[in-house]
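This report refers to the structure that appears directly beneath it.
Within every chain, numbering begins at 1; the chains are lettered A, B, ... in the order of the sequence lines, protein sequences first and strands thereafter. Everything numeric in this text was worked out from a predicted model, so none of it was measured.
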Protein chains: 2
Amino acid sequence: MNTITDFSFDADELRLTWTDGRNSKLDAIWLRDHCQMPASRDPVSGQRLINITDIDPEITIKNIALEDDDYKKVLIVTFSTDDYQSHFTSSWLLENCYCLNEQSDSRSAKYKQLWHGSSFNNDLPKFNYAEFCDDLQTKITALKAVKDLGFCLLQKVPCEDKQVLKVIQQFGFIRDTNYGEIFEVRSKVNANNLAYTNLGLGCHLDNPYRDPVPGIQLLHCLQSTTEGGESILQDAFMATQVLKEENPEHFNRLSQEYINFRFQDSDADLYSRVPMIEINDKQEVVKVRFNNRSIDTIKLAPKKIRPFYQAYRHFAEILEREDQQIHFKLEAGELMLFDNTRILHARKAYSKGGTRHLQGAYSDLDGLYSTLSVLQRNEIVAE
Amino acid sequence: MNTITDFSFDADELRLTWTDGRNSKLDAIWLRDHCQMPASRDPVSGQRLINITDIDPEITIKNIALEDDDYKKVLIVTFSTDDYQSHFTSSWLLENCYCLNEQSDSRSAKYKQLWHGSSFNNDLPKFNYAEFCDDLQTKITALKAVKDLGFCLLQKVPCEDKQVLKVIQQFGFIRDTNYGEIFEVRSKVNANNLAYTNLGLGCHLDNPYRDPVPGIQLLHCLQSTTEGGESILQDAFMATQVLKEENPEHFNRLSQEYINFRFQDSDADLYSRVPMIEINDKQEVVKVRFNNRSIDTIKLAPKKIRPFYQAYRHFAEILEREDQQIHFKLEAGELMLFDNTRILHARKAYSKGGTRHLQGAYSDLDGLYSTLSVLQRNEIVAE
């Protein structure tokens with residue numbers, strides 16, 4: 001077991017040596033701020049009871065002691081201010097020390113399994129809905145597919161009105177919008193959105209004009225007797241990687257230039273100003289927005305117009321490559337559950353004969369990630 | 001009226017001169033992409049029918065004609081590809097041309113009325129709830145206060161259970177979370193969150209561990225007979241401006257370093273990785289996250305720890321300055337409606353005698369902005 005084998009300190013920092021030979025240097029202010037004692041942390045909620053301004057800005061380390069028994073090593077830090085003492089277990093320090101642990105971003109492309117059209121060999125992440133509801137392991141696997149691959153398919157979902165909302169309640173919360181808690185995807189006259197026609201729709205992410213954009217989309221197929229109307233899914237995170245490989249300047253352009261998306265009808269006027277490719281501080285992709293139908297007027301500075309269009313066209317071309325896509329026909333009783341910040345969806349045009357009826361709904365990623373994390377915690381306890 | 005007085009063109013761009021002497025240069029690809037004709041835009045939804053990849057990458061302008069009648073000037077652009085023609089009205093070009101119009105970000109601090117403690121002279125944006133519901137102008141003024149100042153107070157809101165959800169339905173959509181559609185703010189034993197104790201809470205924004213963070217918070221006071229428990233509001237956008245003025249490096253530090261926020265209890269495990277001060281491409285502040293209780297372990301690179309703490313402490317000190325805050329006691333029947341990406345709230349500790357009972361709920365900014373925009377549109381039509 002990796003534990004503390006040696007330590008030293010001065011007023012400003014604590015230095016630790018670990019069994020595996022690694023070293024940590026921990027700042028006095030960080031140690032005081034991360035004190036886990038009941039005076040500093042609420043024992044029930046685990047929430048911090050002190051403000052940063054409660055800590056003496058000149059705080060230093062006065063003494064360090066290492067208590068060592070059979071079970072665990074505990075480091076006792078005595079601070080200069082009021083001789084305040086904090087106890088840190090070796091295991092807590094190992095897990096939380098900023099020298100040994102890097103912050104990771106569970107939303108970033110770096111921590112995902114990126115895929116293209118042939119990644120699955122016809123073996124898509126499909127799950128039986130009854131098992132998804134009743135079996136802990138199936139639900140964990142399915143939600144993990146959404147986290148890692150960006151999507152899963154549920155099968156034998158009862159073809160009942162508003163069933164899609166019951167599916168959301170299995171892992172998260174309904175995101176109500178101006179389209180209603182559920183939206184009906186089928187042809188109608190005078191549609192306020194092209195989704196509600198029988199036209200084909202190119203690869204897109206939904207509602208980029210909404211801020212915050214809904215992180216999860218569900219599409220539940222209730223009827224599917226038309227010719228055509230096949231579904232297409234595509235990994236936009238993979239597409240950004242391809243874009244970056246083929247032309248880093250185009251990638252940078254789309255991550256740096258903010259554009260507007262907009263949706264207007266008689267009841268709504270939704271507007272966002274965002275980059276097409278959103279990156280974090282480590283230049284990792286965390287969110288993509290792509291929807292040709294709802295890009296608002298492009299109002300970049302004149303000199304940026306042509307380079308922007310070159311980058312935009314390049315990205316759009318990648319998104320049309322069939323080898324990047326998976327194609328399948330959603331049958332009645334099937335449901336697609338996907339990350340709407342990452343997985344593009346499209347559908348082919350369909351015949352006017354027959355009926356194609358999907359019910360859709362939105363939810364958010366944080367609820368799904370939270371449920372997955374709690375289930376995984378419970379799984380460990382059960383083992 | 002400002003209209004087109006002269007034009008010229010070559011294959012790549014159209015040049016316009018306006019009545020007021022200004023000039024526009026518009027790129028061929030931009031003109032084709034922004035074609036407003038029924039072949040390119042759905043006349044009902046206004047959505048684009050073409051993909052960027054449908055446009056010839058070598059497209060050029062073949063001819064320009066200006067039709068001029070008593071009512072409006074129409075520019076007819078003939079493109080090289082298939083002699084395709086687009087008609088643009090002078091008024092559309094005036095409003096949408098990227099040379100004359102800059103993209104603005106309705107979420108950014110630049111377009112807000114920033115305030116400090118003495119900005120209101122005891123004249124807070126308060127509205128009678130019945131008038132808010134029934135009178136178009138009152139609702140517009142109240143929602144505009146939320147957009148511009150970040151908050152408003154509603155009075156004489158019926159002290160009924162779940163009334164706060166009815167208030168949300170007046171302008172937007174309920175954001176359900178692990179705390180439920182509504183959360184009860186009153187003391188309870190073994191609280192999973194310090195909000196549910198009688199302790200004072202420092203200035204904070206709610207749920208920074210949620211991604212997306214709820215953009216709107218409502219707190220409805222049902223009972224208020226304790227001693228203490230006064231409410232405090234503060235403009236975090238103003239605080240970021242003060243921070244930048246006092247120490248630009250501290251401002252940069254907090255906008256560049258991403259940190260983690262986290263909330264865990266038996267039913268939830270919520271996690272975000274975000275900067276405390278979020279800026280857009282123009283370095284304008286668009287979102288603040290501040291909550292000492294739920295900052296997770298700071299795992300920055302070792303050399304960044306001390307500079308981060310200096311900046312964080314400085315920002316926290318600004319947030320404790322009473323001259324930046326407004327203080328008032330929320331009475332039964334009063335409701336605070338505020339932008340949770342901007343307006344910090346706090347409460348003072350309160351006595352164990354008496355009852356303080358608030359019901360809270362979350363919503364999102366985009367729904368409120370959309371409703372405001374539609375109401376303002378209707379107001380213009382009604383005039």
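- Neither the backbone nor the side chain of B:Pro43 comes within contact range of chain A, judged by heavy atoms closer than 4.5 Å.
- When heavy atoms are compared at a cutoff of 4.5 Å, B:Ile295 approaches chain A by way of both its backbone and its side chain.
- Most heavy-atom pairs under 4.5 Å with chain B: of the set A:Thr177, A:Leu319, A:Ile174, A:Leu300, this distinction falls to A:Thr177.
- Heavy atoms closer than 4.5 Å to chain A are found nowhere in B:Leu375, neither backbone nor side chain.
- Taking the ring centre of B:Phe315 as origin, the terminal cationic atom of B:Arg253 falls outside the region bounded by 6.0 Å and 45° from the ring axis.
- Listed options A:Gly46, A:Ser266, A:Pro214 were ranked by heavy-atom pairs under 4.5 angstrom with chain B; first place goes to A:Ser266.
- In this structure, chain A has no heavy atom under 4.5 Å from any part of B:Gln36.
- Contact count against chain B (heavy-atom pairs under 4.5 Å) is highest for A:Asp211 among A:Asp211, A:Asp105, A:Asp296, A:Leu270.
- If you measure heavy-atom distances from A:Gln256 to chain B, the contacts under 4.5 Å come from the backbone alone.
- Between the side chains of B:Ser40 and B:Arg32, at least one donor N or O sits under 3.5 Å from an acceptor N or O.
- Using modelled atom types and a 3.5 Å distance limit, the side chains of B:Asn291 and B:Tyr209 yield no donor-acceptor pair.
- Every pair passing salt bridge (charged side-chain N to carboxylate O under 4.0 Å, His left out) that includes a residue from residues 42-60 of chain B is listed here, sequence neighbours excluded: B:Asp33-B:Arg48.
- When heavy atoms are compared at a cutoff of 4.5 Å, B:Phe308 does not approach chain A at all.
- Contacts with chain A were tallied for B:Thr53, B:Leu372, B:Asp265, B:Asp281; B:Asp281 has the most, counting heavy-atom pairs under 4.5 Å.
- By the 30° and 60° cut-offs, the orientation of the rings of B:His34 relative to B:Trp92 is tilted.
- With a 4.5 angstrom heavy-atom cutoff, A:Arg210 touches chain B via backbone and side-chain atoms both.
- Counting only N and O atoms by type, the side chains of A:Arg273 and B:Gln103 include a donor and acceptor under 3.5 Å apart.
- Comparing A:Glu257, A:Arg262, A:Arg107 by heavy-atom pairs within less than 4.5 Å of chain B, the highest count is held by A:Arg107.
- Chain A forms the most heavy-atom pairs under 4.5 Å with one residue out of B:Ile259, B:Asp267, B:Ile305, and that residue is B:Ile305.
- B:Asp364 touches chain A through its side chain: at least one heavy atom from C-beta onward sits under 4.5 Å away, while N, CA, C and O do not.
- For a residue to count as touching a neighbouring chain, one of its non-hydrogen atoms must lie under 4.5 Å from one of that chain's; by this rule B:Ile298 touches chain A with backbone and side chain alike.
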